[in-house]
Structures are given as C-alpha cells and as structure tokens.
Asks: 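What follows is a single structure, and I will ask about it in a moment.
Side chains included, hydrogens not; waters and symmetry mates left out as well; all remaining heavy atoms used. Remember, it's 1-based here, ligands and their atoms both numbered in the order they're listed.
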Amino acid sequence: MNTKESLILQGLRAILVERLKEKGIQDVRVLNAIGKIQRHLFISKGFEKQAYEDKPFSIACGQTISQPFTVAIQTELLQVQRFDKTLEIGTGSGYQAVVLAEMGANVYTIERFRELYLSARRIFRQLGYSINSYWGDGYEGKENFAPFEKILITAAVPQIPQTLLDQLAVGGRLVAPVGEGSTQIMTIVDKIDENNFNTAYYHNPFRFVPMLQGISEN
Ligand code: SAH
C-alpha cells in the first residue's frame with residue numbers, strides 16, 4: 001500500500017479538522033488523531049477526495065464507514081485515556097479503531113463479517129498499529145479480556161446489551177447509539193459500581209447500521 005499522499009489530500013484533511021471544530025469537537029487529541037490518519041486508505045481506491053468530506057461512505061458487505069463527525073463525537077464522549085483497555089463493537093473499515101489506537105488506547109475490536117475483519121486486520125498491520133481484532137459476535141463481547149475501561153458500540157442497538165455492561169470495568173464508560181427506529185440517540189453509560197450505572201444522552205439523532213446477532217461467513 002502506498003501510504004505517501006499528495007499535498008491535496010493533506011490539505012483536504014486539514015479542512016476537515018477545521019469543520020469538525022466548527023461543529024463542536026473540542027478534544028484536541030481527537031482532532032489531532034483525525035488530522036493524522038489517512039482516512040482515504042480505509043475506503044475504495046478512486047475516492048480519495050471524498051474521504052475528507054464529512055460524510056459516511058459505503059464499504060464492503062453493505063456496511064458504512066461512519067461520518068468523520070460521528071467518529072469524532074463518539075471518541076470525544078468516550079474520554080479515552082492512554083492505555084485504556086478499549087473494546088470496539090463493529091470494526092467495519094477499521095478507521096475508528098485506528099483513531100482510538102492513535103490516542104494511545106489498548107484496542108480490542110470485533111466484526112461479524114469475515115471479509116471486513118480480514119481487510120481491517122491487513123490495514124492495521126500495514127499502518128503499524130497493534131490492534132487486537134476478532135471475527136465474532138459483538139453481543140458476546142470479549143469475556144477473556146474483560147473488564148474494559150471503555151466500550152464503544154458503532155452499530156445501532158435497541159438497548160445496551162447486558163453482556164457488554166457486565167464486561168465494563170467499574171469506573172468505566174460505554175458509548176452507544178441506541179434506538180428502535182431509523183435513528184438513534186448517542187447514549188453514555190458510566191459504571192459506578194457492579195449494579196449502578198449513570199446514563200446521559202447526547203441530543204442529536206444519528207443513523208447507524210444495525211448491530212445484528214451472530215457472525216457472517218462473508
Ligand atoms: N467502526 C466502523 C464503522 C462501523 S459500521 C468504522 O470505523 O468503519 C458498523 C459495523 O458493525 C459494520 O461493519 C457491521 O458489520 C458491524 N456489526 C454489526 N453487528 C455486529 C455484531 N453483532 N458484532 C460485531 N460487529 C457487528
């Protein structure tokens with residue numbers, strides 16, 4: 001993979017970061033990560049410029065790479081710190097996982113489509129990130145590596161899966177788009193102790209692909 005890029009793409013990425021600031025993203029560490037990572041490497045060749053528009057984009061298996069603003073706000077709300085053991089559900093293109101890794105998180109990520117899992121693994125290796133990635137069902141989490149300080153769900157859930165709340169560390173935070181219909185509300189859950197949670201909402205509707213049960217051989 002050619003990871004050298006043109007000044008044009010660098011310029012477009014700098015403009016994207018400015019747009020995200022205008023839209024309210026404040027965490028400099030999030031902005032720096034987005035300013036550094038070559039998002040065009042996570043989508044099909046030939047669409048390099050579109051990679052720096054603030055829009056979602058189709059990837060394989062009928063899935064999407066989230067819009068940069070969505071990645072930015074989810075990451076900001078997660079308040080990820082260096083070395084936080086962080087579980088992402090829905091690897092997709094791998095872009096969000098790389099943003100978390102770039103911020104110093106110790107990332108575990110799960111994807112139900114085999115093809116997406118394989119291509120994300122390849123790009124993590126090519127870009128030199130050591131991210132623990134798995135082909136599996138996110139509803140099961142990753143029991144053997146729990147508890148996680150942070151959990152990020154990047155697919156729409158009707159409610160937050162209990163298994164994932166169980167695998168969240170006390171003092172940890174989970175962020176997920178929750179909703180039954182076509183849009184979701186970003187939901188932030190802090191685990192106070194084994195049985196007590198604080199829930200808050202970010203009041204903007206989002207539109208995610210659904211979190212589905214089971215794995216896919218594709
Ligand atoms: N975070 C991704 C975007 C994710 S789109 C990125 O940065 O590109 C949501 C992803 O969640 C899709 O790839 C979808 O296949 C995956 N997904 C849906 N249900 C899942 C499940 N039960 N377990 C794991 N992944 C799931």
Asks: Under 6.0 Å from the ring centre and within 45 degrees of the ring axis: does the NZ or CZ of K142 meet both conditions for the six-membered ring of Y134?
Replies: yes
Asks: Pick, from G138, G90, A120, the option with the minimum heavy-atom distance to atom 11 (O) of ligand 1.
Replies: G90
Asks: Taking distance alone, with N or O pairs closer than 3.5 Å, would you say A155 contacts ligand 1?
Replies: no
Asks: Tell me whether the count of non-hydrogen atoms from other residues, nucleotides or ligands lying under 6.0 Å of NZ in K23 goes above 12.
Replies: yes
Asks: Starting from atom 8 (O) of ligand 1, find the nearest protein heavy-atom neighbour and note its residue, name and distance.
Replies: S93 OG, 2.6 Å
Asks: Checking a contact table here: which protein heavy atom is nearest atom 3 (C) of ligand 1, and how many Å away?
Replies: T64 O, 3.4 Å
Asks: So, R173 and D190, do they make that salt bridge, N to O below 4.0 Å?
Replies: yes
Asks: Heavy-atom contacts with F113 under 4.0 Å: which atoms of ligand 1 show up? List them by number with element.
Replies: 15 (O)
Asks: Using 4.0 Å as the upper bound for N to carboxylate O, is an ion pair formed by E194 and K191?
Replies: yes
Asks: Main chain of G214, side chain of R112: is a donor-acceptor contact present, judged purely on distance under 3.5 Å?
Replies: yes
Asks: To which of L212, T91, L100 does the heavy atom nearest atom 21 (C) of ligand 1 belong?
Replies: L212
Asks: Tell me the protein heavy atom at minimum distance from atom 13 (O) of ligand 1, and give that distance in Å.
Replies: E111 OE1, 2.8 Å
Asks: For P210, state whether at least one heavy atom is located under 4.0 Å from any atom of ligand 1.
Replies: yes
Asks: Specify the protein heavy atom at minimum distance from atom 14 (C) of ligand 1: its residue, its atom name, and the distance to 0.1 Å.
Replies: Q63 OE1, 3.3 Å
Asks: Under 4.0 Å, heavy-atom basis, I'd like to know which part of I65 is in contact with ligand 1: side chain, backbone, both or neither.
Replies: both
Asks: Relative to Y52, does R39 satisfy both conditions: NZ or CZ under 6.0 angstrom from the six-membered ring centre, and within 45 degrees of the ring's axis?
Replies: no
Asks: What part of C61, side chain, backbone, both or neither, has a heavy atom within less than 4.0 angstrom of ligand 1?
Replies: neither
Asks: With a 4.5 Å cut-off on side-chain heavy atoms, are L87 and L152 touching?
Replies: no
Asks: Kindly say whether the aromatic ring centers of Y129 and F124 come within a distance under 6.0 Å.
Replies: no
Asks: Quick one: does S216 get within less than 4.0 Å of ligand 1, heavy atoms only?
Replies: no
Asks: Do any N/O atoms on S66 end up under 3.5 angstrom from N/O atoms on ligand 1?
Replies: no
Asks: Give the residue and atom name of whichever protein heavy atom lies nearest to atom 7 (O) of ligand 1, and the separation in Å to one decimal.
Replies: Q96 N, 3.0 Å
Asks: Have a look at ligand 1 and work out which part of I59, if any, has a heavy atom under 4.0 Å from it: side chain, backbone, both or neither.
Replies: neither
Asks: Below a 4.0 angstrom heavy-atom separation, can you tell me which part of E88, side chain or backbone, both or neither, approaches ligand 1?
Replies: side chain
Asks: Report yes or no: does D54 contribute a side-chain atom to a donor-acceptor pair with the main-chain N or O of F69 at less than 3.5 Å?
Replies: yes
Asks: Under 4.0 Å between a Lys/Arg side-chain N and an Asp/Glu carboxylate O for E102 and K36?
Replies: yes
Asks: By number and element, which atoms of ligand 1 are closer than 4.0 Å to a non-hydrogen atom of T154?
Replies: 1 (N), 4 (C), 5 (S), 9 (C)
Asks: Which of the numbered atoms in ligand 1 are under 4.0 angstrom from any heavy atom belonging to V209?
Replies: 5 (S), 9 (C)
Asks: Report, in ascending order of atom number, the atoms of ligand 1 lying under 4.0 Å from any heavy atom of L116.
Replies: 13 (O)
Asks: Between E149 (side chain only) and G172 (backbone N and O only), is there a donor and an acceptor less than 3.5 Å apart?
Replies: no
Asks: Using a strict cut-off of 4.0 Å, indicate which atoms of ligand 1 neighbour a heavy atom of G136.
Replies: 23 (N), 24 (C)
Asks: Any donor and acceptor pair, going by atom type alone, linking the side chain of E76 with main-chain N or O of Q26 inside 3.5 Å?
Replies: yes
Asks: Does R112 approach ligand 1 within less than 4.0 angstrom via side chain, backbone, both or neither, non-hydrogen atoms only?
Replies: both
Asks: Going by an N to O cut-off under 4.0 Å, is there a salt bridge joining E5 and R13?
Replies: yes
